[in-house]
Amino acid sequence: MLPVSVPELTQFLNSYGLLFLFVVVLLEYLNMPGFPGGLIFLLAGLWVDAGGQSFPLALLVSVAAGLLGSLGMYF
């Protein structure tokens, strides 16, 4: 069971956009429990498709967050 619902995640994504995407992906890559990264990626894809943001920018933000999270776990 997810700690938050899909409408709550969608509302956060609409409100905070790329910052929310960055934080959730970063925490997912830092192996923090309770952050559904797979669901966030699906919602972010739908958000980008609906015209909320450009795909290259969303991709860049998620890759940067993943890299920082992976480096954090490495060190």
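The figures here come from the full heavy-atom set of this structure, side chains too, leaving out hydrogens, waters and symmetry mates.
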Check residues 36-45 and write down every donor-acceptor pair under 3.5 Å in which the side-chain atom is one partner and the other belongs to a residue at least two apart or another chain.
none

*asked:* Can you list everything that forms a ring pair (Phe, Tyr, Trp, His ring centres under 6.0 Å) with Tyr16? Sequence neighbours excluded, please.
replied: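 For Tyr16 the ring pair (Phe, Tyr, Trp, His ring centres under 6.0 Å) partners, ignoring immediate neighbours, are Phe12.
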*Consider only side-chain heavy atoms of I, L, V, M, F, W and Y, link residues closer than 4.5 Å, and tell whether Phe55 and Val24 are in one cluster.*
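Same hydrophobic cluster.
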*Can Leu21 be reached from Leu30 by stepping across I, L, V, M, F, W or Y side chains whose heavy atoms are under 4.5 Å apart?*
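Both belong to a single hydrophobic cluster.
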*asked:* Apply the hydrophobic cluster definition, ILVMFWY joined by side-chain contacts under 4.5 Å directly or through others, and give me every member besides Leu71.
replied: Tyr74, Phe75
*Which atom pair, heavy atoms only, marks the closest approach of Met73 to Asn31?*
CE-ND2, 3.2 Å
Exercise answer: donor-acceptor pairs, residues 57-70 side-chain atoms, under 3.5 Å, sequence neighbours excluded:
residue : atom : partner : partner atom : Å
Ser62   : OG   : Ala58   : O            : 3.2
Ser62   : OG   : Leu59   : O            : 3.0
Ser70   : OG   : Gly66   : O            : 3.0

